[in-house]
Amino acid sequence: MRHWLMKSEPTTFSIDDLDASRGRRTIWDGVRNYQARNFMRDDMSVGDQVLLYHSSCEIPAVVGLMSVVAGAVPDPTALDPDDPHFDPKSDPEAPRWVAVEVRLERRFRRPITLETLRSDPALEGMQLLRRGNRLSVMPVTEAEFERVIALA
DNA sequence: GCCAACGTTGGC
DNA sequence: GCCAACGTTGGC
């Protein structure tokens, strides 16, 4: 089992939205970055644990824990001309973008803020904390994962 | 709203 | 294949 972190802007899709979704599940669509796509397509498996991170908001933080409940499928939003994430260059015969399905497992009683993460020496190497990091889907080591969970 | 970082695009 | 221009991300 692997560990991951996925970002979402809460104004677009928050942990509240996920909590309110049927079965507390959602398709993680809209990812339009090749590296992030490759992680979802090639390395994510059912049962993997995923930290949910709120970005571009007042208090950026890890807010909950999700699990992968279905592996990568073609991202339907890339093929829908009416969708804001439509990609005219994605060929329906060979879809360029994929999405996994995730389920909310846990809401953390207190969000683990970016500030908290940064102040923890044990998390110094975390990819999320690297300068210039913009990936919305990234791996987390088991040690980092356990450490973050311990802070919740 | 600013701006650094970085990915993508497209002309050559 | 290079690289400048441009767009996006995301913390502050």
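Numbered from 1 within each chain, the chains take letters A, B, ... in sequence-line order.
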Inset, instruction - Using only side-chain N and O atoms of A:K7, determine if any of them is under 4.0 Å from OP1 or OP2 of C:dG10. - result: yes

Taking only distance into account, with no hydrogens and no angle test, what donor-acceptor pairs under 3.5 Å do side-chain atoms of residues 141-152 of chain A form with protein atoms, sequence neighbours excluded?
residue, atom, partner, partner atom, Å
A:T141, OG1, A:E144, N, 3.0
A:T141, OG1, A:E144, OE1, 3.3
A:E144, OE1, A:T141, N, 3.0
A:R147, NE, A:D120, OD2, 2.6
A:R147, NH2, A:D120, OD2, 3.1

Expressed as a whole number of angstroms, how long is the span from [X]:[atom1] to [N]:[atom2]?
X	N	atom1	atom2	answer
A:L128	C:dG11	CG	C1'	11 Å
A:Q127	C:dG10	CD	P	12 Å
A:E58	C:dG11	CD	C1'	13 Å
A:R32	B:dT9	CZ	P	13 Å
A:L129	C:dC12	CG	C1'	15 Å
A:Y53	C:dG10	OH	P	8 Å
A:I59	C:dG10	CD1	C1'	16 Å
A:R130	C:dT9	CZ	C1'	18 Å

Legend entry - Qualifying side-chain hydrogen bond (donor to acceptor under 3.5 Å, both in side chains) pairs, either residue in residues 66-79 of chain A, two or more places apart: A:R32-A:D75, A:R32-A:T77, A:S67-A:E105, A:D75-A:T77

Legend entry - Atom CD of A:E124: over 12 foreign heavy atoms under 6.0 Å: no

Inset, instruction - Not counting sequence neighbours, list each pair that qualifies as a salt bridge (charged side-chain N to carboxylate O under 4.0 Å, His left out) and has a residue in residues 37-62 of chain A. - result: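 Pairs touching residues 37-62 of chain A that pass the test: none.
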
Legend entry - Sequence neighbours excluded - salt bridge (charged side-chain N to carboxylate O under 4.0 Å, His left out) pairs with any residue from residues 7-23 of chain A: A:D16-A:R107, A:D19-A:R24, A:D19-A:R107

Distances under 3.5 Å between protein N/O atoms and the N/O atoms of nucleotides 5-7 of chain B, please, pair by pair.
residue, atom, partner, partner atom, Å
B:dA5, OP1, A:R131, NH1, 2.4
B:dA5, OP1, A:R131, NH2, 2.4
B:dA5, N3, A:R134, NH1, 3.1
B:dC6, OP1, A:R131, O, 3.4
B:dC6, O4', A:R134, NH1, 3.4
B:dC6, O2, A:R134, NH1, 2.2

Legend entry - Test ring-ring contact (aromatic ring centres under 6.0 Å, His included) applied to A:F86 - qualifying residues, sequence neighbours left out: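 Once residues adjacent in sequence are excluded, A:F86 has no partner under the ring-ring contact (aromatic ring centres under 6.0 Å, His included) criterion.
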
